[in-house]
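Have a look at the structure below, then the notes.
Naming convention: chains lettered A, B, ... in sequence-line order (proteins, then strands); numbering from 1 in each chain.
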2 protein chains.
Amino acid sequence: MLLLGMLIAHSRHGYQINEIIEHNLGYLIDIKKSTAYTILDRLSEAGFVSMTTEQEGNRPPRKVYSITPSGERQFYQLLRENLEMLDLQYFEEDIGMMFIDHLSTEDAKEALLHKLQKVDQQIENYKQVPHHEIGVGVNIAVNHHLHLLHAEKEWLKQVIGELSRHNPI
Amino acid sequence: MLLLGMLIAHSRHGYQINEIIEHNLGYLIDIKKSTAYTILDRLSEAGFVSMTTEQEGNRPPRKVYSITPSGERQFYQLLRENLEMLDLQYFEEDIGMMFIDHLSTEDAKEALLHKLQKVDQQIENYKQVPHHEIGVGVNIAVNHHLHLLHAEKEWLKQVIGELSRHNPI
DNA sequence: GACTGATTAGTCAACACCGACTATAATAAA
DNA sequence: TTTATTATAGTCGGTGTTGACTAATCAGTC
């Protein structure tokens with residue numbers, strides 16, 4: 001769906017797509033080069049995108065991917081589904097939380113304080129994501145992350161507070 | 001790490017482990033039966049757990065997994081790392097957000113209202129998770145989810161509000 | 001004149017994970 | 001008495017993802 005979306009506005013070639021993902025959307029999505037190529041192939045087989053080869057000067061040839069009408073329909077379908085969906089998240093970090101009572105209160109607290117620092121740093125990172133980009137929506141997504149990071153921070157502070165109450169210095 | 005943690009308190013056999021994951025931890029983690037068996041094998045090969053076979057009556061034999069001292073060390077190492085770590089999350093849902101301007105305001109709003117309902121429902125679900133379980137930590141993790149779901153709800157309402165402002169009825 | 005880094009394109013083997021399936025024995029329900 | 005369910009154990013092929021690798025051309029730097 002992401003890849004279809006990137007082709008909705010206009011056709012792009014593979015390198016460009018991967019550039020945008022890596023340099024502009026790195027905060028929001030995690031898709032590697034090889035994966036992107038594989039998916040583009042799949043989309044092409046399914047008839048959602050078409051490929052043409054271009055050559056500019058003597059440079060290596062580019063493969064230009066364009067979305068087909070069928071691909072556009074698919075995109076809008078996926079878009080609606082995606083906006084309605086709520087995929088229940090699983091957090092690797094919760095696994096640690098489940099066993100937090102296996103550490104001493106001090107050790108646990110120390111670990112969580114480290115984590116708190118990382119959350120703060122992450123918040124700073126997101127704040128500094130530039131505001132131009134592919135579309136308005138990207139900023140909304142960045143905002144989403146910021147919002148959730150703030151919530152995470154609040155929660156962490158709460159947990160740390162409870163730890164302190166259980167075992168004050 | 002999860003599996004090591006489940007064996008820290010006492011040995012368990014495979015079926016039991018999968019039962020607990022499926023029935024008691026389904027809200028928090030997502031590991032399928034076949035995966036669990038594979039991981040248990042890997043842990044066994046790595047020397048972090050040992051297996052013995054038991055037979056009770058004429059029932060199918062059980063494989064009982066116990067954690068080894070090396071496994072315990074590994075567990076505590078992983079636990080510390082896990083508690084400090086902050087893995088930056090990627091949300092499939094953000095991909096839709098990135099392209100939200102491709103839908104009409106009404107359609108977008110409708111989709112997000114659906115989603116809001118699902119968030120509410122999810123919150124109810126988590127509220128009703130029973131409070132006994134494997135350890136204190138499980139409740140902390142459930143609480144974490146609740147906290148983040150509330151944040152998600154708030155944010156969604158905010159986005160919907162902005163949509164309405166852009167295109168009031 | 002040599003070398004580095006960007007631009008463009010992939011490939012491919014390895015890995016993790018999962019869904020669907022297979023077994024068997026006891027126990028409960030019809 | 002047959003049938004369904006629970007307890008117990010996996011296996012295995014298919015899918016998606018990735019890291020590491022290969023190629024070639026051009027622009028710029030030392």
(message) Suppose the criterion is ring pair (Phe, Tyr, Trp, His ring centres under 6.0 Å): which pairs have a residue in residues 3-31 of chain B, not counting sequence neighbours?
(response) B:Y27-B:Y126

(message) Under the rule for salt bridge (charged side-chain N to carboxylate O under 4.0 Å, His left out), what residues qualify as partners of B:E84, not counting sequence neighbours?
(response) none

(request) May I have the distance from A:E22 (atom CD) to C:dA9 (atom P), rounded to whole angstrom? (result) 14 Å

(request) Round to a whole Å and report the spacing from CD of A:E19 to C1' of C:dG10. (result) 15 Å

(message) Restricting to salt bridge (charged side-chain N to carboxylate O under 4.0 Å, His left out), what partner residues turn up for A:R80, sequence neighbours left out?
(response) B:D107

(message) Does the protein touch nucleotides 10-20 of chain D at the base, only the backbone, or not at all? Give it as B, S and - per nucleotide, heavy atoms under 4.0 Å.
(response) BBB---SSBB-

(message) Can you measure A:I20 atom CD1 to C:dT8 atom P for me and round it to whole angstrom units?
(response) 12 Å

(request) Quickly work out the A:Y15 OH to D:dT22 P distance and round it to whole Å. (result) 19 Å

(request) May I ask you to say whether A:K33 pairs ionically with A:E22, meaning some side-chain N is under 4.0 Å from a carboxylate O? (result) no

(request) Provide, to the nearest angstrom, the distance between the NE2 atom belonging to B:H13 and the C1' atom belonging to D:dA7. (result) 9 Å

(request) Round to the nearest Å and state the distance from B:H23 atom NE2 to D:dT8 atom C1'. (result) 14 Å

(request) Output every pair passing ring pair (Phe, Tyr, Trp, His ring centres under 6.0 Å) with a member in residues 28-49 of chain A, not counting sequence neighbours, ordered by first then second residue. (result) none

(request) Check salt bridge (charged side-chain N to carboxylate O under 4.0 Å, His left out) between B:E45 and all other residues, then give those that pass, not counting sequence neighbours. (result) none

(request) Figure out the CZ/P separation between B:R12 and D:dT8, and round it to whole Å. (result) 13 Å

(request) Would you mind reading off the distance between A:L40 atom CG and C:dT11 atom C1', rounded to a whole angstrom? (result) 15 Å

